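This is a predicted model, so every value here is computed, not measured.
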Amino acid sequence: MLIHTTNALINLYDQYGAILYGIALQMVLTEKEASQILLTVFEKAKEHNILKNNKHCICAALIKLTVVTARQSMEGHIKSKNPLNLLPAKPLLHEILFENKSLSQLSNETKLSVEEIRKKVREELNSLREADNDAASVELQRAAR
């Protein structure tokens, strides 16, 4: 499946659009800005052929692209209560997914136990889930209007 096909983009959007919108919405001030970020993310995904280059971790690649795009677009105007801002500058999840570090490597580097690493990764994932749930609530409220 190549990213330049319309069906591939539609499938990516259907599968990941809600969570990416939720992340963007948590990072910016308005729904319009979050929607623009989402469009930009999928344009970048098409431009960089994200499916071909990230076969095994497409969701993580799209999340990273969304966060980077939102931060770039806002140029310092990010909400202070954003749960993603509570993540460390370099989340453990990033190190596991993008740097292919094992839990034992992270344990040695951070001087935390493997169980503490697991707990922190769960907390990072929960922050992302909460962002997605908040976006779903906004969508339900908008639909009720």
**Request:** Indicate yes or no for a side-chain donor-acceptor contact from Q26 to the backbone of I23 under 3.5 Å, with no hydrogens or angles considered.
**Result:** no
**Message:** Could you walk me through whether E43 and T40 satisfy the side chain to side chain donor-acceptor pair (under 3.5 Å) test, starting with their C-alpha distance in whole Å, then the side-chain angles of each, then the deciding distance to 0.1 Å, before giving a yes or no?
**Reply:** CA-CA 5 Å; E43 288 170 357; T40 303; 4.5 Å; no
**Message:** With clusters defined by side-chain heavy atoms of hydrophobic residues (ILVMFWY) lying less than 4.5 Å apart, directly or transitively, does V68 cluster with L25?
**Reply:** no
**Request:** Kindly say whether S113 contributes a backbone atom to a donor-acceptor pair with the side chain of E116 at under 3.5 angstrom?
**Result:** yes
**Asked** Hey, what do you get for CG (N7) to CG (D14), rounding to the nearest 0.5 Å?
**Response** 10.0 Å
**Asked** Is there a side-chain contact between Y21 and I37, using heavy atoms and a 4.5 Å cut-off?
**Response** no
**Prompt:** Taking all atoms of both residues into account, what is the closest heavy-atom pair of S73 and A70, and its distance?
**Reply:** OG-O, 3.1 Å
**Asked** Are a donor atom and an acceptor atom from the side chains of Q72 and T69 found within less than 3.5 Å of each other?
**Response** no
**Asked** So does K101 have more than 12 non-hydrogen atoms from other groups sitting under 6.0 Å from NZ?
**Response** yes
**Request:** Kindly work out whether a path of hydrophobic side-chain contacts (I/L/V/M/F/W/Y, heavy atoms less than 4.5 Å apart) joins I10 to L39.
**Result:** no
**Request:** Evaluate the side-chain proximity of L62 to I19: yes if any heavy-atom separation is below 4.5 Å, no if none is.
**Result:** no
**Fill in**
One should read off an interatomic distance between I117 CD1 and S102 OG, to the nearest 0.5 angstrom, of 10.0 Å
**Item:** Nearest-0.5 Å distance, CG of residue N108 to CG of residue L103
**Value:** 11.0 Å
**Message:** Taking E115 first and then R118, would you say they form a salt bridge - that is, a charged N and a carboxylate O separated by under 4.0 Å?
**Reply:** yes
**Item:** Inter-residue atom distance Y13.OH - L20.CG, 0.5 Å rounding
**Value:** 9.5 Å
**Asked** Would you find a donor on one side and an acceptor on the other, under 3.5 Å apart, between the side chain of E124 and the backbone of L92?
**Response** yes
**Message:** For residues V114 and V121: do they belong to one hydrophobic cluster (side chain heavy atoms under 4.5 Å, members Ile, Leu, Val, Met, Phe, Trp, Tyr)?
**Reply:** yes
**Flag, side chain of S107 to backbone of L112, donor-acceptor distance under 3.5 Å** = yes
**Prompt:** Taking side chain as C-beta onward, heavy atoms only, is E95 less than 4.5 Å from Q105?
**Reply:** no
**Asked** Hey, does I58 have a side-chain heavy atom less than 4.5 Å from the side chain of Y16?
**Response** yes
**Fill in**
On a heavy-atom basis, the closest approach of L65 and V41 is CD2-O, 3.5 Å
**Prompt:** To the nearest 0.5 Å, what is the distance between CD (E109) and NZ (K111)?
**Reply:** 9.0 Å
